[in-house]
K.L.:
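Pasting in a structure now, in structure tokens, and then I'll have a few things to ask.
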Amino acid sequence: MAFLALDNLSKRFGTQTAVDGLSLGVEKGEFISLLGPSGCGKTTTLQMIAGFVEPSSGAIRLEGEDLLAVKPAKRGLGIVFQSYALFPHMTATENVAFGLEMQGIAAAERARRVADALELVGLGAFAARYPRQLSGGQQQRVALARALVIRPRILLLDEPLSNLDAKLREEMQIELRQIQRTVGTTTILVTHDQAEAMALSDRVVVMNKGRAEQIATPLEAYEHPATAFVASFLGKTNLVNGVAVRPERIAFAAAGLVGTVRTRIFQGNHWLYQVDTASGLVTVIRQNTGDAMPEEGAAVHLVWEARA
Amino acid sequence: MKSTPYLLALPALLLFAAIVIVPLGMTVVLTFHDWGQYKGIEPVFILKNWREVFSDSYYAEMFERTFRIALLVTLFSAVFGAPEAYILSRMRSPWRGIFLLVILGPLLISVVARTLGWALLFGGSEGLVNKALMELGLIDTPLPFMFTETGMVVALVHVLMPYMVLSVWAALQRLDPQVENAAIALGAGPFTVMRRIVLPQAMPGILSGAVIVFALAASAFATPAIIGGRRLKVASTLAYDEFLNTLNWPLGAVVAVLLLVALVIIVVGANRLVERRYGQVFR
């Protein structure tokens with residue numbers, strides 16, 4: 001029996017089906033991502049777990065208990081919203097303390113746990129600031145501390161990093177992963193960013209049109225995509241004569257599929273090539289080793305390892 | 001050139017000075033002039049009018065009534081207007097648009113017509129509501145409404161409520177709907193969400209609405225004139241009477257200047273309070 005079990009969960013809004021018969025078992029301590037394009041039903045799924053949206057059919061069980069019978073305020077889940085949803089009229093400390101106050105934790109213990117939580121996210125020095133006085137990344141940390149301090153049974157993250165710039169997002173990914181490992185809270189992340197999902201998760205649930213197309217570890221989903229949608233959503237892919245080949249698996253060689261370089265783009269750590277071949281346009285990614293590479297208009301031969 | 005911005009602002013400044021500052025200054029000067037039944041206004045510098053207003057308890061009572069009414073109107077507008085604005089902000093279109101129009105509707109009708117409407121409903125034993133209630137045997141004597149402070153407060157709340165609703169509504173527009181969900185997820189019940197999360201964020205809107213409503217209620221003329229008549233005067237109707245009936249312009253000017261000064265002090269003070277209390281949090 002899984003720690004958190006979604007059983008044939010569906011949600012219909014009028015004639016539209018947002019989530020269509022989703023079943024998923026999450027183990028205790030696991031970090032799992034709901035990954036898909038906007039409108040795939042991932043956020044609706046999260047909101048059903050949180051209790052803000054009522055499922056049309058299906059069941060959600062947490063540690064065997066029927067979660068749908070529990071009011072949202074009593075579910076004991078930690079949620080980080082996309083907008084962070086901090087209380088603007090409260091300081092960082094007051095924001096983090098709010099959940100403990102609701103639980104009736106005594107003031108002394110509350111103060112200690114709030115300080116610990118702010119320390120955990122590296123914001124000890126900003127405790128007295130209002131959200132307005134914090135940067136996006138700092139607000140994000142406050143939201144995380146606020147969700148973690150109540151020692152939630154599950155941590156729900158709704159696109160928590162999408163409002164941060166690329167560099168900060170990468171830093172926060174690493175930090176988020178470390179914090180999750182430290183506290184060991186079962187975590188469900190909703191994201192449309194496949195790199196983020198793969199970087200953070202033990203398993204990913206690739207969703208499309210309300211259905212789970214594949215539930216697997218990031219490596220497995222990338223190497224053995226169950227459907228064409230999964231293959232195309234998890235990074236670039238080529239379909240050469242009906243076989244899916246990742247662009248970084250294709251190399252230039254003395255003999256092989258004949259082609260002409262249409263464009264090449266330098267991206268720092270790698271080169272991105274578009275090659276015209278008899279089997280159509282093929283995308284090739286080659287690591288930048290400092291060596292000279294074929295130029296635009298050059299005739300090349302492409303080879304790749306056949307994989308199951 | 002350094003003086004260019006000032007030169008550019010000059011035409012507007014001149015207009016402002018001509019239509020606001022100069023008449024206001026003339027009114028202030030007027031307060032020091034003498035007046036007699038037969039000699040009219042004498043352009044001298046005396047403190048008679050000020051002394052009269054400050055020594056006669058009639059004026060104190062009248063100012064007290066003015067600000068008591070304004071305070072009650074503000075209070076009731078907040079108590080009814082703030083929840084109304086919250087409900088409005090929670091409505092979906094097209095209902096939100098329809099009800100916004102319903103709330104703003106009163107602003108489209110003349111204050112005089114609206115106040116006379118109240119008078120028709122509650123005015124003496126001939127008022128429709130009073131008549132109906134008496135015929136049903138629910139009351140023996142007509143409900144007092146005309147020439148009462150209650151009547152003025154009711155009619156003014158009706159007139160000024162839209163300003164409160166709009167002000168609170170504007171504040172609630174900035175409220176992230178997820179914030180309430182965040183509080184619920186942390187274990188807060190509906191009452192706690194309202195008291196700890198929604199109300200503090202609506203507060204700047206309530207306070208700025210209160211300043212507007214208070215200022216308009218304290219300086220309102222048409223409604224107190226119709227409901228209170230000359231039996232129950234407030235500052236504005238008194239100033240009107242002194243100017244146009246008694247023709248004692250200097251005394252009327254004192255009342256008008258005092259009302260203005262009191263309002264400016266109250267409004268600026270309230271603004272300071274809001275700035276200090278909420279400046280750091282909302283901006």
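Chain letters run A, B, ... following the sequence lines, proteins first, then strands; residues in each count from 1. Owing to the predicted nature of the structure, the values given are computational and were not obtained by experimental measurement.
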K.L.:
Taking T223(B) for its side chain and A155(B) for its backbone only, find out whether a donor-acceptor pair lies under 3.5 Å.
P.N.:
no

K.L.:
Under a 4.5 Å cutoff for heavy-atom pairs, which residue among D176(B), V193(B), I197(B) has the most contacts with chain A?
P.N.:
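Looking at each option in turn, the highest pair count goes to I197(B).
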
K.L.:
Quick one: do R68(B) and E61(B) make a salt bridge, cutoff under 4.0 Å?
P.N.:
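Looking at R68(B) and E61(B), the cut-off is not met.
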
K.L.:
Check R61(A) with D66(A), please: is the shortest side-chain N to carboxylate O separation under 4.0 Å?
P.N.:
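Looking at R61(A) together with D66(A), the answer is no, because their closest N to O distance does not fall below 4.0 Å.
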
K.L.:
Could you tell me which portion of E101(A) (side chain, backbone, both or neither) has an atom closer than 4.5 angstrom to a non-hydrogen atom of chain B?
P.N.:
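Looking at E101(A), just its side chain touches chain B.
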
K.L.:
Quick check on E109(A): does its CD atom have over 12 non-hydrogen neighbours (other residues, nucleotides or ligands) under 6.0 Å away?
P.N.:
yes

K.L.:
Give a yes or no on whether the backbone of L100(A) and the side-chain of R110(A) come within a donor-acceptor separation of less than 3.5 Å.
P.N.:
no

K.L.:
Filter on ring-ring contact (aromatic ring centres under 6.0 Å, His included), then keep only pairs touching residues 78-112 of chain B, sequence neighbours left out; what's left?
P.N.:
none

K.L.:
Listed by residue number, which members of residues 145-163 of chain A have a heavy atom under 4.5 Å from any heavy atom of chain B?
P.N.:
R146(A), I150(A)

K.L.:
Checking heavy atoms, do the side chain of L77(A), its backbone, both or neither come under 4.5 Å from chain B?
P.N.:
backbone

K.L.:
Can you establish whether the number of heavy atoms outside F16(B) located under 6.0 Å from its atom CZ is more than 12?
P.N.:
no

K.L.:
Nearest 0.5 Å, what's the CG-OG1 distance between L200(A) and T191(A)?
P.N.:
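With rounding to 0.5 Å, CG (L200(A)) is 8.5 Å from OG1 (T191(A)).
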
K.L.:
Within this structure, what is the CG-CD1 distance for the pair L166(B) and I212(B), rounded to the nearest 0.5 Å?
P.N.:
9.0 Å

K.L.:
Considering only heavy atoms, which portion of L86(A) lies under 4.5 Å from any heavy atom of chain B: side chain, backbone, both, or neither?
P.N.:
backbone

K.L.:
Using a heavy-atom distance cut-off of less than 4.5 Å, which residues of residues 26-60 of chain A contact chain B?
P.N.:
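Those residues of residues 26-60 of chain A which have a heavy atom under 4.5 Å from chain B are Q47(A), F52(A).
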
K.L.:
Would you check if the side chain of T91(A) reaches a backbone N or O of A128(A) as a donor-acceptor pair within less than 3.5 Å?
P.N.:
no

K.L.:
Among residues two or more places apart or on two chains, list those pairs meeting ring-ring contact (aromatic ring centres under 6.0 Å, His included) that have a residue in residues 158-202 of chain B.
P.N.:
W118(B)-H158(B)

